Amino acid sequence: GLVASGCLPGWLLRSNNRAVRGVGYATRATIYALLFIIGVRRGRGGEHIRALHVLCIQGVTIGFCGTMGSELFMMPIARLFSSRPGMDSGSGQGGGLWEGMKGSMKILGCFCAGLALGVGGILPFWFYGGNVFLYVLRAMLLCVGMCMGFDLKAFLIARDLGLRVILIPVLTVAGTALGAFVA
């Protein structure tokens, strides 16, 4: 409901460049905030820190296998999308390895900062409750809806692709789940 309710204001503000930039910043900020809050919650109990070496090995293994499962499931339909103009997988922007990793490093940094502050227990009591997480999650969903409203071409592309567009999330989820199960 929040995503859908953000589409109309996004569509109405689509020609306002400041609003578009602002919502883009807000979307990223809410994603970083959610990861920070998750880190705080994981660090608060301390049991996750004591088992960090095991959690890291398990996380990397499950992440790798889930990614490989997703890739294997997506390979058969890659040809369906490669024949369409503008649907190639390469961004053509380059920038090297570090440019591609910057976003991941920011995400990891937010989570680790939250983890450290959670272990330290220095945040106010109200921060540890579920309400902060829910408010930030709702704000993010509204921002995502506004971003969708800014550019309605995504709906047209989905309409043109028909049922093939459903294959992407279904096969991604199925491949990731199978890979994680194998791990």
Side-chain angles (χ1 to χ4, degrees), residues 1-52 54-56 58-60 62-64 66-67 70 91 98-158 165-166 168-177 179-180:
L2 287 168
V3 172
S5 66
C7 288
L8 179 62
W11 185 75
L12 295 173
L13 294 170
R14 71 188 182 281
S15 61
N16 184 332
N17 290 335
R18 288 177 64 186
V20 172
R21 274 193 313 275
V23 171
Y25 291 136
T27 303
R28 282 189 297 280
T30 55
I31 291 169
Y32 295 148
L34 286 172
L35 291 161
F36 176 79
I37 293 167
I38 291 169
V40 167
R41 288 177 152 186
R42 293 301 118 217
R44 184 166 186 236
E47 65 274 358
H48 292 92
I49 299 302
R50 288 188 289 278
L52 191 59
V54 174
L55 290 174
C56 285
Q58 288 176 347
V60 168
I62 292 170
F64 177 78
T67 301
S70 176
S91 66
W98 177 246
E99 285 300 315
M101 290 180 57
K102 254 201 268 189
S104 297
M105 297 309 284
K106 288 178 186 177
I107 287 170
L108 183 61
C110 288
F111 178 76
C112 289
L115 196 64
L117 289 176
V119 168
I122 59 176
L123 294 174
F125 175 75
W126 57 265
F127 194 85
Y128 297 101
N131 290 339
V132 174
F133 182 83
L134 289 176
Y135 293 141
V136 175
L137 177 63
R138 290 173 181 155
M140 184 202 66
L141 292 172
L142 187 65
C143 288
V144 167
M146 290 182 75
C147 288
M148 290 173 65
F150 290 149
D151 187 9
L152 297 178
K153 289 183 214 166
F155 296 109
L156 298 174
I157 292 170
V165 77
I166 295 172
I168 294 171
V170 168
L171 291 176
T172 300
V173 169
T176 302

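These values consider heavy atoms only, across backbone and side chains, with no hydrogens, waters or symmetry-generated copies. Since the model is a prediction, treat every value here as computed from it, not as a measurement.
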Notebook entry, point to check: Between Ile31 and Met140, what is the shortest heavy-atom contact and its length?
Noted result: CG1-SD, 3.7 Å

Next item on the list: Kindly say whether Gly66 contributes a backbone atom to a donor-acceptor pair with the side chain of Ser70 at under 3.5 angstrom?
Entry: no

Next item on the list: Taking all non-hydrogen atoms of both residues into account, name the closest pair between Leu123 and Val40 and its distance.
Entry: CD1-CG2, 3.6 Å

Next item on the list: Of all the heavy-atom pairs spanning Val136 and Thr30, show the shortest one and how long it is.
Entry: CG1-O, 3.6 Å

Note to self: Restricting to non-hydrogen atoms, name the atom on Met146 and the atom on Pro9 that form the minimum distance, rounded to 0.1 Å.
What the structure shows: CE-CB, 4.2 Å

Next item on the list: Mind listing the closest non-hydrogen atom pair of Ile122 and Leu117 along with its distance?
Entry: CD1-CD2, 3.1 Å

Notebook entry, point to check: From Cys112 SG over to Ile107 CD1, what is the distance, rounded to the nearest 0.5 angstrom?
Noted result: 12.0 Å

Next item on the list: Looking only at non-hydrogen atoms, find the nearest pair between Ala19 and Phe150 and report the distance.
Entry: O-CZ, 4.1 Å

Checklist line | CG on Leu137 to CG on Leu34, rounded to 0.5 Å | finding: 5.5 Å

Checklist line | Atom pair CZ (Phe133) and CZ (Arg138), whose distance is rounded to the nearest 0.5 Å | finding: 11.0 Å

Check: What distance separates Cys110 SG from Leu115 CG, expressed to the nearest 0.5 Å?
Finding: 12.5 Å

